[in-house]
Chemist: 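Have a look at this one before I ask anything.
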Amino acid sequence: MEASLARATMLKPFIRKLKRVLLLSASRGGGVSEIRFDEEMEAAKVVPGDVKKGHFAVTATKGEEPKRFIVELYHLTDPAFLSLLEQAEEEYGLQQEGVLAVPCRPEEIQKILENRRMRRASTEW
């Protein structure tokens, strides 16, 4: 339990950064050009149209060909997904720009997403 809390604490800065980027993408409508952003936030303004509010893009980099996923924010509380983020931090650091690269095979992300959807659907009954 303590190790899990320690990992979650280490990921807090990354999650805060991700939230800022997502909030920016949600607010990119009117008036955004009048707001002054630092360089990091300026670069984050370009969010692909397929990344809806409450979502972020992740690319699985292992395997024959990288695969991109659009992931809902609630996956940030999934221990299996958090484990992938820790792997990404170890391999690439926290200074990634653009799509979040995760060092795993696409099947791993797909399995995590499907398991979470199944658990979520079973609690909605």
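Along the sequence shown, the residues carry numbers beginning at 1.
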Chemist: Less than 4.5 Å apart, side chain to side chain, heavy atoms only: is that true for L100 and Y92?
Modeler: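 When only atoms from C-beta onward are counted, Y92 and L100 do not touch, as no gap falls below 4.5 Å.
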Chemist: Write down the atom of A60, the atom of C104, and the distance for their closest heavy-atom approach.
Modeler: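 Looking at all heavy atoms of both residues, the closest pair is CB-O, 3.4 Å.
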Chemist: For residues 63-76, which side-chain donor-acceptor pairs fall under 3.5 Å, sequence neighbours excluded?
Modeler:
{"from": "R68", "atom 1": "NH1", "to": "D50", "atom 2": "OD2", "distance (Å)": "2.7"}
{"from": "R68", "atom 1": "NH2", "to": "D50", "atom 2": "OD1", "distance (Å)": "3.2"}
{"from": "Y74", "atom 1": "OH", "to": "R120", "atom 2": "NH1", "distance (Å)": "3.1"}

Chemist: For T59, check side-chain hydrogen bond (donor to acceptor under 3.5 Å, both in side chains) against everything at least two apart and list the hits.
Modeler: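 side-chain hydrogen bond (donor to acceptor under 3.5 Å, both in side chains) check on T59 returns nothing, list empty.
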Chemist: Give the C-alpha distance, both sets of side-chain angles, the deciding distance and a yes or no for side chain to side chain contact (heavy atoms under 4.5 Å, CB included) between F56 and V99.
Modeler: CA-CA 8 Å; F56 60 100; V99 176; over 6 Å; no
Chemist: Indicate yes or no for a side-chain donor-acceptor contact from T61 to the backbone of A101 under 3.5 Å, with no hydrogens or angles considered.
Modeler: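 Not confirmed, T61 side chain does not pair with A101 backbone.
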Chemist: Under 3.5 Å, side-chain donor or acceptor atoms of residues 105-113 against the rest of the protein: list the pairs with distances, not counting sequence neighbours.
Modeler:
{"from": "R105", "atom 1": "NE", "to": "E107", "atom 2": "OE1", "distance (Å)": "3.4"}
{"from": "R105", "atom 1": "NH2", "to": "E107", "atom 2": "OE1", "distance (Å)": "3.3"}
{"from": "E108", "atom 1": "OE2", "to": "R105", "atom 2": "N", "distance (Å)": "3.1"}
{"from": "Q110", "atom 1": "NE2", "to": "E114", "atom 2": "OE2", "distance (Å)": "3.1"}

